[in-house]
Amino acid sequence: FELLRGETLAHRLARGPVSSREALRTALAVARALVHAHASGVLHRDLKPSNVFLTADGGVKVLDFGLAHVFGAGGPPRSGTPGYMAPEQRRGDPEDARTDVYAVGVLLAEMARGPAPQPDVAAILAGAPGPLGALARRCTGDDPADRPPDAAALADEINAARPSAT
């Protein structure tokens, strides 16, 4: 096991929202990790602040692939963490890369607004301001077709939002 020094995003968010720059940097690192996982045919299916680790040297690690499954092979139906699960995941419908994109959108909104005691996507999104909020809302569309199609497209959108974020 790798020894990590730092804290989870959940611990960081307990102190309040992060800057737009830090939120976009963290989301970009998560998206890049998902690009790698998705290229190997693996969905994470349980992205949440406690599964994102912020290392002391400024790195970002995605943890706990315990609910992951290989594309097309299925996984435990309707499993994940409520509040971070995409609508299709909650229904037990087929999942793809956009399922993980949805969770990144919730993470973005939480980083902009701060965590909610019980993850309530509508409330979190309502409080997410500016470019971060707009990107979070795009990632969390009820219809997967309204979201970025995969983690690579999401990374491109995050990069596009970075210069305008403060």
Side-chain angles (χ1 to χ4, degrees), residues 1-13 18 21-112 115 119 121 124 132 135-162 165:
F1 291 101
E2 182 178 9
L3 175 61
L4 298 175
R5 298 190 192 286
E7 65 184 343
T8 66
L9 180 57
H11 283 110
R12 170 56 193 88
L13 288 174
V18 300
R21 175 173 291 160
E22 183 65 16
L24 289 168
R25 186 188 73 75
T26 300
L28 182 59
V30 170
R32 287 178 175 158
L34 291 175
V35 168
H36 179 72
H38 294 170
S40 299
V42 176
L43 290 177
H44 188 284
R45 302 180 72 237
D46 197 27
L47 282 170
K48 57 188 174 186
S50 61
N51 286 341
V52 175
F53 195 87
L54 308 173
T55 66
D57 65 359
V60 177
K61 303 277 187 170
V62 175
L63 309 175
D64 193 1
F65 279 77
L67 291 178
H69 77 265
V70 177
F71 286 120
R78 294 189 244 330
S79 52
T81 301
Y84 300 93
M85 292 170 62
E88 64 275 12
Q89 189 177 8
R90 288 190 302 268
R91 291 188 301 263
D93 291 346
E95 300 170 37
D96 62 22
R98 297 169 295 186
T99 303
D100 285 342
V101 167
Y102 181 95
V104 175
V106 179
L107 291 176
L108 270 168
E110 280 192 295
M111 286 188 280
V121 175
I124 292 168
L132 280 182
L135 182 55
R137 284 185 282 283
R138 176 152 155 63
C139 291
T140 55
D142 284 337
D143 184 346
D146 294 337
R147 300 178 210 144
D150 55 33
L154 174 59
D156 289 344
E157 289 194 32
I158 293 168
N159 271 324
R162 287 177 86 186

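Taking each heavy atom of Glu157 and Arg138 in turn, the nearest pair found is OE2-NH2, 2.8 Å. Between Ser50 and Ala10, the shortest heavy-atom contact is N-CB, 3.8 Å. The two atoms that bring Glu7 and Phe53 nearest to each other are N-CZ, 3.5 Å, heavy atoms only. What you find for Leu108 and Leu132 is that their closest heavy atoms are CD2-CD2, 3.5 Å. Smallest separation of non-hydrogen atoms from Leu47 and Ala103: CB-CB, 3.6 Å. Asp142 approaches Arg147 most closely through the heavy-atom pair O-NH2, 3.5 Å.
Between the side chain of His44 and the backbone N or O of Asp64 there is at least one donor-acceptor pair closer than 3.5 Å.
Checked by atom type, the side-chain pair His38/Asp100 shows a donor-acceptor distance below 3.5 Å. For the residue pair Glu110 and Tyr84, a side-chain donor N or O sits within less than 3.5 Å of a side-chain acceptor on the partner.
The shortest distance between side-chain heavy atoms of Lys48 and Asp46 falls below 4.5 Å. Contact of the Thr8 side chain with the Leu54 side chain is not registered, since no non-hydrogen atoms from C-beta on lie closer than 4.5 Å. Taking the side chain as every heavy atom from C-beta outward, Val101 and Cys139 approach each other to under 4.5 Å. In this structure the side chain of Val60 reaches within 4.5 angstrom of the side chain of Arg25, judged on heavy atoms. Side-chain atoms of Glu88 and Pro144, non-hydrogen and from C-beta on, do get closer than 4.5 Å to each other.
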Is there a side-chain contact (heavy atoms from CB on, under 4.5 Å) between Thr26 and Val52 once you walk through the steps?
CA-CA 9 Å; Thr26 300; Val52 175; 4.2 Å; yes
I would like to know whether Lys61 and Glu2 meet salt bridge (charged side-chain N to carboxylate O under 4.0 Å, His left out); could you show each step before the answer?
CA-CA 11 Å; Lys61 303 277 187 170; Glu2 182 178 9; 3.2 Å; yes
Between Glu22 and Met111, does the side-chain contact (heavy atoms from CB on, under 4.5 Å) criterion hold? Intermediate values first, please.
CA-CA 9 Å; Glu22 183 65 16; Met111 286 188 280; over 6 Å; no
Full working for side-chain contact (heavy atoms from CB on, under 4.5 Å) between Leu4 and Leu63
CA-CA 11 Å; Leu4 298 175; Leu63 309 175; 4.0 Å; yes
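A distance of 5.0 Å separates CG in Leu28 from CG in Asn159, rounded to the nearest 0.5 Å. Annotation: the span from Thr99 atom OG1 to Met85 atom CE amounts to 9.5 Å, rounded to 0.5 Å. The line from OG1 of Thr140 to CZ of Arg98 is 14.5 Å long, rounded to the nearest 0.5 Å. The CG atom of Leu24 sits 7.0 Å away from atom CG of Leu135, with the distance rounded to the nearest 0.5 Å.
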